[in-house]
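Working notes, beginning with the structure itself.
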Amino acid sequence: MIEDVRSRAKELRKRSYYVYRAVILQHLRDLFEAGSLNEEDAKALVARMMPDGGTASIGTKVTEVRTSAKSRKHVKPESFATLTSMAYAKGSRTYDIVGGLLEYGPEVLTRPCELLGARLDGNQLSVRSAKWSPANGKGIGEIRRIGLMDAIPGWELREFRELLVLLREDLNAVDGDRTLLVRRYGAALRELRKGESWAEGITLKSTRSQGRATLARAGYTAAEIASIMGHASAETSASHYGKASEGWKLPPDRQPLMVSEQALAKVRPGARAKSKMARSEPVATPEESCEPPGLNLR
């Protein structure tokens, strides 16, 4: 992570750079206090954080208008499969986790940080929602339960459980610092796709966006998708994530995820839906897609 922050220092705003630096310093302090890092190595790593060109170079290539991370919303299944195989081939713990996040992310639609500490009971996945708090009104609940129907075949559940165990162990090792781990996995993915032009822009966030597009194409309504993704508004996923027209085509009898009536009841209609309701027009219909509507998931 030190090398990643150093290499991107010119493109980072100064505030962002020093936030990253503070996280790394705290992790080094923890390792030193635990006896896992001696004083000489700690000093060397701290010195290594200084970017080429010194502190004056930080943020020199930041544009005036801040742009997004350029994360791709739509990714072909073969692209995810290739990156997954490349990650597993590395044979390291971190890359095994990155491979698992790429493999299962499009199926369960969680944010990468939400799988940290997640629990799987039978075919029900329980995650702690990342953007929920009693005051912000952005989520439908602190704990989100996702029913895995055909999303992960029964014979693959053991491998998915093993991924969750690795994530939980990593989380315990960093005292619950989800941000640090997501940055670690994200840096590993960026390293993995270096020199691969076809993989440009594919991030861990891309898995959630593509998964949303696939559910929309399969006939799930905007409100149903919002309940699965943990959004309080039915319009959030439609405006910020993948589109139905770019979703993967699923077999007609496949039902990836279960829709919870309890979660669905907490999803509020967005402004466009309210406008339709005022005109007595239908609102709970699947998005325009290539697939027939009417999945009975509840």
Side-chain angles (χ1 to χ4, degrees), residues 1 4 71-130 144-174 176-194 196 198-199 201-215 228-230 241-242 248 250 254 256-257:
M1 183 159 179
D4 180 61
S71 175
R72 277 165 58 178
K73 291 184 178 182
H74 308 114
V75 180
K76 294 180 179 180
E78 53 267 30
S79 295
F80 273 138
T82 301
L83 278 175
T84 297
S85 297
M86 290 169 60
Y88 286 147
K90 292 282 189 180
S92 74
R93 179 189 182 91
T94 294
Y95 278 106
D96 281 347
I97 289 174
V98 170
L101 293 174
L102 291 170
E103 181 176 2
Y104 298 112
E107 307 296 341
V108 298
L109 278 70
T110 58
R111 298 176 180 86
C113 64
E114 290 178 338
L115 281 182
L116 290 161
R119 301 279 179 181
L120 184 65
D121 299 308
N123 68 341
Q124 181 169 273
L125 178 67
S126 298
V127 303
R128 186 175 298 278
S129 296
R144 194 162 78 255
R145 293 177 175 81
I146 304 169
L148 307 179
M149 297 178 72
D150 301 330
I152 301 177
W155 54 272
E156 276 193 51
L157 284 177
R158 179 178 177 181
E159 295 180 7
F160 184 53
R161 287 181 191 277
E162 291 173 355
L163 170 64
L164 297 182
V165 170
L166 290 177
L167 289 168
R168 195 175 303 117
E169 289 175 349
D170 271 11
L171 186 63
N172 291 335
V174 297
D177 192 338
R178 287 175 165 79
T179 300
L180 177 63
L181 290 179
V182 171
R183 288 172 178 165
R184 177 189 299 174
Y185 306 146
L189 177 54
R190 285 193 296 275
E191 185 65 29
L192 184 69
R193 56 181 174 83
K194 271 186 180 178
E196 306 290 349
W198 55 269
I202 297 177
T203 67
L204 294 176
K205 182 180 176 182
S206 299
T207 62
R208 179 168 160 91
S209 182
Q210 182 59 57
R212 190 267 168 200
T214 299
L215 286 192
I228 291 170
M229 298 181 75
Y241 294 85
W248 300 344
L250 302 179
R254 188 180 180 200
L257 299 172

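All values derive from a computational prediction rather than experimental measurement.
- Proximity of a side-chain donor or acceptor of R254 to a complementary backbone N or O of D150 within less than 3.5 Å is detected.
- By the 4.5 Å heavy-atom criterion applied to side chains, R168 and R119 are counted as neighbours.
- Each of I146, T207, I228 was compared with T110 under the side chain to side chain contact (heavy atoms under 4.5 Å, CB included) criterion, and only I146 meets it.
- Salt bridge E191/K90: absent, no basic N to carboxylate O contact under 4.0 Å.
- Looking at every heavy atom in both residues, L204 comes nearest to P112 through CB-CG, 3.5 Å.
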Decide yes or no on side-chain contact (heavy atoms from CB on, under 4.5 Å) for L101 and L189, but give the supporting numbers first.
CA-CA 10 Å; L101 293 174; L189 177 54; over 6 Å; no
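- The heavy-atom pair separating L167 from I97 by the smallest distance is CD2-CG2, 3.5 Å.
- Note that CD of E162 is 11.5 Å distant from CD of E156, once rounded to the nearest 0.5 Å.
- Looking only at distances, no side-chain donor or acceptor of Y95 sits under 3.5 Å from a matching main-chain atom of A89.
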Should F80 and Q210 be marked as a side-chain contact (heavy atoms from CB on, under 4.5 Å) after you check the CA-CA gap, both sets of side-chain angles, and the distance that decides it?
CA-CA 10 Å; F80 273 138; Q210 182 59 57; 4.1 Å; yes
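- Within the 4.5 Å cutoff, no side-chain heavy atoms of Y104 are placed close to those of L164.
- Closest approach of S206 to S71, counting heavy atoms only: OG-OG, 3.3 Å.
- Interatomic distance, CG of L109 versus CD of E114, reported as 10.0 Å (0.5 Å rounding).
- Under the 3.5 Å distance criterion, the side-chain polar atoms of R161 are matched with a main-chain donor or acceptor of L120.
- Surrounding CZ of R72 are more than 12 heavy atoms belonging to other residues, nucleotides or ligands, all under 6.0 Å away.
- The backbone N or O of Y241 sits nowhere less than 3.5 Å from a side-chain atom of R208 that would complete a donor-acceptor pair.
- Annotation: side chain of L83 is not in contact with side chain of V75 (no heavy-atom distance under 4.5 Å).
- Between E103 and Y88 the shortest side-chain heavy-atom distance falls below 4.5 Å.
- Taking each heavy atom of S126 and R145 in turn, the nearest pair found is OG-CG, 3.6 Å.
- Atom-to-atom distance recorded for T84:OG1 and D96:CG is 11.5 Å, nearest 0.5 angstrom.
- Counting heavy atoms from C-beta on, the side chains of R111 and V127 never come closer than 4.5 Å.
- The two atoms that bring C113 and A130 nearest to each other are SG-CB, 3.5 Å, heavy atoms only.
- I152 places none of its side-chain heavy atoms less than 4.5 Å from the side chain of L125.
- Side-chain contact between W198 and E78 is absent, with no heavy atoms from C-beta onward closer than 4.5 Å.
- No side-chain heavy atom of L181 sits less than 4.5 Å from a side-chain heavy atom of R178.
- Contact detail for I202 and S79: the closest heavy-atom pair is CD1-CB, 4.2 Å.
- Between the CG atom in L116 and the OG1 atom in T179 there is a gap of 9.5 Å [rounded to 0.5 Å].
- Between D170 atom CG and R93 atom CZ the span is 4.5 Å, to the nearest 0.5 Å.
- Between the T214 side chain and the W248 main chain, a donor and an acceptor come within less than 3.5 Å of each other.
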